[in-house]
Amino acid sequence: MPHHRIGSKYKIYPTYDFACPFVDSIEGITHALRSSEYHDRNAQYHRVQEDMGLRKVHIYEFSRLNMVYTVLSKRKLLWFVQNKKVNGWDDPRFPTVQGIVRRGLKVEALIQFILEQGASKNLNLMEWDKLWTINKKIIDPVCPRHTAVIEERRVLLTLTNGPEKPFVRIIPRHKKYEGAGVKATTYTRTIWLDFVDAESIKVDEEVTLMDWGNAIVKGIEKDEDGNLKLIGVLNLEGSFKTTKLKLTWLPQIDELPKLSLMEFNYLITKKKLEGEDFLDVLNTCTEKQTAALGDCNMRNLKQGDILQLERKGYFRCDVPYIRPSKPIVLFAIPDGRRHTGFN
């Protein structure tokens with residue numbers, strides 16, 4: 001509508017303080033749910049309705065939910081977007097719904113978390129761990145299991161009595177949930193191990209190769225750079241109950257897809273902002289990328305799939321397999337037991 005004095009020279013919009021009581025009343029709102037930060041404006045809210053001859057709306061207050069190491073102000077979050085500190089509003093480091101869902105949070109977990117809080121008027125500073133613990137309880141019983149080996153300094157174990165020719169077995173993707181489907185596992189005479197696992201093995205130690213059986217490591221070769229090569233023999237009659245180390249492994253074949261394992265940290269370094277500028281407590285290292293190899297079945301992952309990498313944690317597929325030169329991108333999902341960021 002044109003203004004009675006200046007016509008359409010400017011575009012003018014009602015202020016928040018005027019629009020809320022007016023629109024709430026004429027649109028039939030009976031109870032306005034507002035966070036307690038607006039408490040001082042309640043009298044003004046009702047005065048506008050009274051002066052305009054409008055139906056009074058009841059205000060129900062609740063405290064604003066605050067999370068540790070987190071800024072929730074849209075103005076502050078906009079700064080991160082505009083200054084390219086994140087890759088958009090759905091960045092997995094962001095406390096937006098799009099962000100935490102992209103990181104691997106199930107909507108059911110978010111709803112359960114909010115319902116557990118209730119509409120309290122007490123000021124809450126919540127830990128992220130509780131939310132991620134609820135999420136783990138939802139995803140763990142159903143998400144498929146896969147295997148990955150960290151690419152850097154990976155170690156070759158040669159099994160002298162291993163299969164002369166590679167063979168394949170079809171095994172469940174989740175031993176306790178049939179709905180997760182099956183996967184094909186290739187067994188070869190030479191297999192890859194993570195360096196951190198290999199360096200903890202002693203000569204003549206019996207270890208368990210997960211989804212295969214036991215093996216005894218007979219020899220360890222170490223070069224001047226600290227790189228390892230292991231020689232061992234399969235001992236499939238051995239009991240996994242007697243071994244200390246249960247190892248994930250991958251066959252030495254060319255078809256293993258490349259993985260990029262992404263971990264994320266908090267955007268600020270202070271648990272709770274107490275008057276200081278958030279720019280003074282920015283975290284300089286908020287993401288970590290680790291190159292790995294995955295089992296061949298991971299070529300079939302779709303964007304959004306949630307899985308567990310055995311002994312490495314839960315992940316959400318953000319970029320599926322496209323071609324051999326381009327890695328599958330997996331976002332680490334916190335499990336609530338460890339610090340949500342990384343060391």
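Considering all non-hydrogen atoms of both residues, K85 and R93 come closest at O-NH2, 3.6 Å. Summarising the geometry of T248 relative to L193, their closest heavy-atom pair is O-CD2, 3.8 Å, with the distance given to 0.1 Å. Shown here for T147 and E310, the closest heavy-atom pair between the two residues is OG1-CG, 4.3 Å. Contact between I29 and A32 at its shortest, heavy atoms only, is CG2-N, 4.1 Å. Here the closest heavy-atom approach between residue L259 and residue P327 is recorded as C-CB, 3.9 Å. The two atoms that bring S25 and Q49 nearest to each other are CB-NE2, 4.2 Å, heavy atoms only.
Taking the charged nitrogens against the carboxylate oxygens, R153 and D194 have no contact shorter than 4.0 Å, which rules out a salt bridge. Under a 4.0 Å N-O distance rule, the pair R316/D305 does not qualify as a salt bridge. Salt bridge present: D140 and R145 bring a charged side-chain N and a carboxylate O closer than 4.0 Å. Of the charged side-chain nitrogens involved, none lies within less than 4.0 Å of a carboxylate oxygen, so that E206 and K244 do not count as a salt-bridged pair. Using a 4.0 Å cut-off between charged side-chain N and carboxylate O, D211 and K175 make a salt bridge. Between K136 and D129 there is no salt bridge, since none of the side-chain N atoms of the basic residue sits less than 4.0 Å from a carboxylate O of the acidic one.
For the pair R299 and Y321, the cation sits on the ring face: its NZ or CZ lies under 6.0 Å from the ring centre, inside 45° of the axis. Taking the ring axis of F195 as reference, the NZ or CZ atom of R154 does not stay both within 45° of it and closer than 6.0 Å to the ring centre.
Grouping the Ile, Leu, Val, Met, Phe, Trp and Tyr side chains by contacts below 4.5 angstrom, directly or via other members, places V149 with I253. Grouping the Ile, Leu, Val, Met, Phe, Trp and Tyr side chains by contacts below 4.5 angstrom, directly or via other members, places Y314 with V107. Hydrophobic clustering of Ile, Leu, Val, Met, Phe, Trp and Tyr side chains at less than 4.5 Å, counting indirect connections, unites F94 with I268. I201 and L159 fall within a single hydrophobic cluster, where Ile, Leu, Val, Met, Phe, Trp and Tyr are joined by side-chain heavy atoms under 4.5 Å apart, directly or via other members. V319 and M298 fall into different hydrophobic clusters, where Ile, Leu, Val, Met, Phe, Trp and Tyr side chains are chained together by heavy-atom contacts under 4.5 Å.
Taken to the nearest 0.5 Å, the CD1 atom of I134 stands 12.5 Å off from the CD1 atom of I139. One distance of note links OG of S36 with CD of E61; it measures 6.0 Å at 0.5 Å rounding. The distance from the OH atom of Y69 to the OG1 atom of T269 is 8.5 Å, given to the nearest 0.5 Å. To the nearest 0.5 Å, the span separating CG on N227 from CD on E199 amounts to 11.0 Å. Taken to the nearest 0.5 Å, the CG atom of L250 stands 8.5 Å off from the SG atom of C296. Here R41 contributes atom CZ and I59 contributes atom CD1; the two are 11.5 Å apart, rounded to the nearest 0.5 Å.
More than 12 heavy atoms of other residues, nucleotides or ligands shown are found within 6.0 angstrom of CG on D225. Heavy atoms from other residues, nucleotides or ligands lying under 6.0 Å from NZ of K56 number 12 at most. For K258, the NZ atom sits in a loose shell: 12 or fewer heavy atoms of surrounding residues, nucleotides or ligands are nearer than 6.0 Å. The 12-atom threshold is exceeded at CD of E255, counting heavy atoms of other residues, nucleotides or ligands nearer than 6.0 Å.
Contact annotation: the side chain of T190 never approaches that of L157 to less than 4.5 Å [non-hydrogen atoms, C-beta and beyond]. E116 has its side chain within reach of K130: a pair of non-hydrogen atoms, C-beta onward, lies under 4.5 Å apart.
Looking at T70 and W128, their side chains do bring a donor and an acceptor atom within 3.5 Å of each other. R34 and N42 share a side-chain donor-acceptor pair at under 3.5 Å. Side-chain atoms of T243 and T208 include a donor-acceptor pair closer than 3.5 Å.
Taking the six-membered ring wherever Trp is involved, the centroid distance between the rings of F278 and W79 falls below 6.0 Å. F18 has its ring centre no less than 6.0 Å from the ring centre of Y45. A ring-centre distance under 6.0 Å is not found for F113 and W132. If you look at F315 and F331, their ring centroids are not closer than 6.0 Å.
A side chain to side chain contact (heavy atoms under 4.5 Å, CB included) with L110 is found for exactly one of N135, L115, V101, V97, namely V97. Across L267, V281, L273, a single residue satisfies side chain to side chain contact (heavy atoms under 4.5 Å, CB included) together with V71, and that is L273.
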TODO: With side chain to side chain contact (heavy atoms under 4.5 Å, CB included) as the test, would you mind laying out the steps for E108 and Q112 before giving the verdict?
DONE: CA-CA 6 Å; E108 307 96 278; Q112 187 178 328; over 6 Å; no

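The aromatic rings of Y187 and W249 sit tilted, their planes meeting at an angle between 30° and 60°.
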